[in-house]
There are 2 protein chains.
Amino acid sequence: MNKLHNVAKLKTDNRYIILDCLRHIRLSRAELSRMTGLAKSSVTTITNEMISQGILCEAGLAEKSNKAGRTRVLLEINGDFGFAAGINLHRKRISAAVTDISGEIIFDFYAYPADFSSTEEAVSCIIEELNRKIKENGLDTSRMVGIGVSSPGPLDYEKGIILEPPNFPLFNNFAIVRYLESEYGCPVFLENNAVASALFEHYYVSRQEGSTLFVTVSDGIGGALLQNGKIYRGSHGAAGELGHISVDPEGELCECGNRGCLEQYATLSALKNRFGFESYNEIADLFGNGDSKAEKVIEFLVNTLSGALVGAVNLFDLDRIILYGEYNYKCEILTERIEKYINTHSVICKAHRVEVVPSGQSPECASAAAAVPALNNFFRYNTTH
Amino acid sequence: MNKLHNVAKLKTDNRYIILDCLRHIRLSRAELSRMTGLAKSSVTTITNEMISQGILCEAGLAEKSNKAGRTRVLLEINGDFGFAAGINLHRKRISAAVTDISGEIIFDFYAYPADFSSTEEAVSCIIEELNRKIKENGLDTSRMVGIGVSSPGPLDYEKGIILEPPNFPLFNNFAIVRYLESEYGCPVFLENNAVASALFEHYYVSRQEGSTLFVTVSDGIGGALLQNGKIYRGSHGAAGELGHISVDPEGELCECGNRGCLEQYATLSALKNRFGFESYNEIADLFGNGDSKAEKVIEFLVNTLSGALVGAVNLFDLDRIILYGEYNYKCEILTERIEKYINTHSVICKAHRVEVVPSGQSPECASAAAAVPALNNFFRYNTTH
DNA sequence: ATTAATTAGTTTTAGTCGTGAACTAATTAT
DNA sequence: ATAATTAGTTCACGACTAAAACTAATTAAT
């Protein structure tokens, strides 16, 4: 069913549009009016209300433009208003961060699944550390606008439960949302790893229109699909996951039931098993020197990734692919070659070139990325409740 | 940029929501209120306005329910208000239809590309025939709310131009939207074949929530992706097209640059070339009798289609696949087997079963399907302009 | 220096929307 | 007959955005 619109929704929508414009830049009321299409007077009303609430603040004048007219007064999101926490659950490393509502990271810390013998122990340890650091930084949990948790799938989004991600028993079937909500009394969001990072890339690294597939390479190979900044989730939030796209129908049987899945070839561990090397960075370095083994590894990696990605490009009608994760080091070695492959092997590329680029975020951003759904929720609903 | 919401948009949105509910069923005001979440009083205001405009009409009382309370007064879309035309351009057969705004087909007719030597000849012939039939049926073009044209891609949606679909030179680079708009003075919409049929299926055959891939098999193999009835288009309107998904990386080189594309195996002509038979219906009949050649053909067809569809299921996180076109006859032979294949070869199926079903529409619906975008536009914007 | 032109931002007034409460209308169960 | 229940309408109201007229602050021209 379509979404109902009443006057209250009008207000929250327009307020969100303005906050969204201000996510990572400072803008004047006049600029906001031009960008959003809202009347100047409406922008004044809305922004002044948000200033009196403490969500926005004036941030001085813009530099003089050498044009006639009054100088613009810049507005920005007031980081002091509050903060959000993000927790990234990962098979090897759990990371957590607190960012203010303008997206600025205030602190972060790490924990390791291997150090815990039970879910309860892990969770209570993270919560304790989080609480201590919050105090340490002079913050008060009453100002916490939300918590985001990102985790490998499968997840039950509606119930907020981590189901049974492969090789990740620590949080199996744990209702993390309910747990954290009753602990902190603020809204908690569970989100797929890849989706969280894709949103972080969009809002805080480089905002792009059009159709983007954000590909994450880690223990598995995941993905998230962004259309003009909006996640396309599919039926159960798994759209964009390309780990089980077959790149060889006669390949080995995968646990998913298919043969020759991308994950059987292109994860770091699969690559190490097949070619027997120690460090990918070393391979990337050797590749530059024309080392023949490194060339084989890279060629194999490019071909398998490209094979799966061509399918995704055709089905999603993509504008660009962003590569994130394991192969971050000298990533252009891959992206240049994958881009070339895709633009000679897909129907789409007859209409427009598909771009393949490395992600602009470091692995350290994963916990801040987890906070993004909580920030989004705050931006959308702050005025009503 | 996000969509701006003002009071006028509120009105058109809520009006559209109500019309959308009434597309193919009659409902009372009370039912509309419950379905949409709009207050009873709002539904009264909106529906009474549309009744006075002639878009809706009261359609008698509902059967008595044996429950206490006043009997419901049913509302329906008033077919007499106006009509839309749909033109389906196809390599073998051009079809056109006029439906009233309730989606009822008033008349349709056919023309054949082979009979025309130029674009102008084809277009003017279709327009003449359309005008004659409109008069014949006592209609007046002043009541035409819009025209939809569906065509094989690639298309330029924004400019309303048919680009250069393979093997379809008759309309190459023809600006059909501009032409028809100046001819009729009503809004004209150009839409991909598969998208138009997918929308028709959703609105007028069987409405389904969730994530659906509508697959069309004809000269080529196309597709359209529906998420809760909304088309996901991708960057240039080509999302869902699975004709060039590779089902054999070592297969023959395709003109798209890839190897072993689905279209090289699973179209009717490809199948005829490979197995040398005359009629697919005959194969389907023989298959029931255990004929070994028919079994080979069906097995091949099932495997190639399934191979590509598993990829689509994984990437789109689909709930169901609808099969439309060439293999309509005894289609369950295919759908049952493809469904079984998919549900043993995709990651998604661990979370939920994927359904594969034949389309409920006959090939004759293609022209009515072309009219759907015009009807949608009318439903959305009728009150403002 | 003064004035006109230009851009930014505010205030005031007006018009429209959906809502909720109180109402009428029509039906069934008792 | 009367109460209970459901459908549909009327009307006063609050909330929102917009347009127009305003003030504020700057540059360019004279």
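Keep in mind that what you see is a predicted model, and the values were worked out from it rather than measured.
Nucleic acid contact class of A:S33 (heavy atoms, under 4.0 Å, all strands): none.
At a cut-off of 3.5 Å, with distance as the only test, a side-chain donor of A:N376 or A:R23 sits close to an acceptor on the other residue. Between the side chains of A:T44 and A:R29, no donor-acceptor pair of N or O atoms lies under 3.5 Å.
Rounded to an integer number of Å, the gap from B:L10 CG to C:dG15 C1' is 14 Å. Protein atom CZ of A:R72 is 13 Å distant from nucleotide atom C1' of C:dG9, rounded to whole Å. Residue A:L75 contributes atom CG, which lies 12 Å from atom C1' of C:dA8 at whole-angstrom precision. Rounding to whole angstrom units, CG of residue B:L61 and P of C:dA25 are separated by 16 Å. For the pair B:R70 CZ and C:dT24 C1', the interatomic distance rounds to 8 Å; values are reported in whole Å.
Phosphate contact (OP1/OP2 of C:dT7, side-chain N/O of A:K67, threshold under 4.0 Å): absent. For the OP1/OP2 pair of C:dT10 and a distance below 4.0 Å, the side-chain nitrogens and oxygens of A:R29 include at least one atom meeting the criterion. Taking side-chain N and O atoms only, B:N66 has no distance below 4.0 Å to OP1 or OP2 of C:dT28. Of the side-chain N and O atoms in B:N14, none sit less than 4.0 angstrom from OP1 or OP2 of C:dC17. Under 4.0 angstrom from either OP1 or OP2 of D:dA18 there lies at least one side-chain N or O belonging to A:S42. The phosphate of D:dC16 (OP1 or OP2) has no side-chain N or O of B:N6 nearer than 4.0 angstrom.
Checked against C:dT27, D:dT26, D:dC16, the side chain of A:T71 finds its nearest nucleotide in D:dT26. Of the candidates C:dG18, C:dA8, C:dT28, C:dG18 carries the atom nearest the A:V7 side chain, counting heavy atoms from C-beta on. Residue A:K40 places its side chain closer to C:dT10 than to any other of C:dT19, D:dT5, C:dT10. Side-chain atoms of A:T44 lie closest to C:dG9 of the nucleotides C:dT19, C:dG9, D:dG8. Side-chain proximity of B:L38 to the nucleotides C:dT10, D:dG8, C:dG18 is greatest for C:dG18.
Toward the 5' end of DNA chain C, the nearer of the two residues A:G69 and A:A30, judged by each one's closest nucleotide, is A:G69. Comparing A:A68 and A:N48 by the nucleotide of DNA chain C that holds the closest heavy atom to each, the one mapping nearer the 5' end is A:A68. Map A:K64 and B:T47 each onto its nearest nucleotide of DNA chain D; the residue landing nearer the 5' end is B:T47.
Around the CZ atom of B:R233, the shell of radius 6.0 Å holds more than 12 heavy atoms that belong to other residues, nucleotides or ligands.
Judged by distance alone, with hydrogens and angles left aside, the side-chain atoms of B:D319 form no donor-acceptor pair with the main-chain N or O of A:S235 at under 3.5 Å.
Taking all atoms of both residues into account, the shortest heavy-atom contact from B:T141 to B:F83 is CA-CZ, 4.2 Å.
Side-chain atoms of B:S41 and base atoms of C:dG20 include a donor and an acceptor less than 3.5 Å apart.
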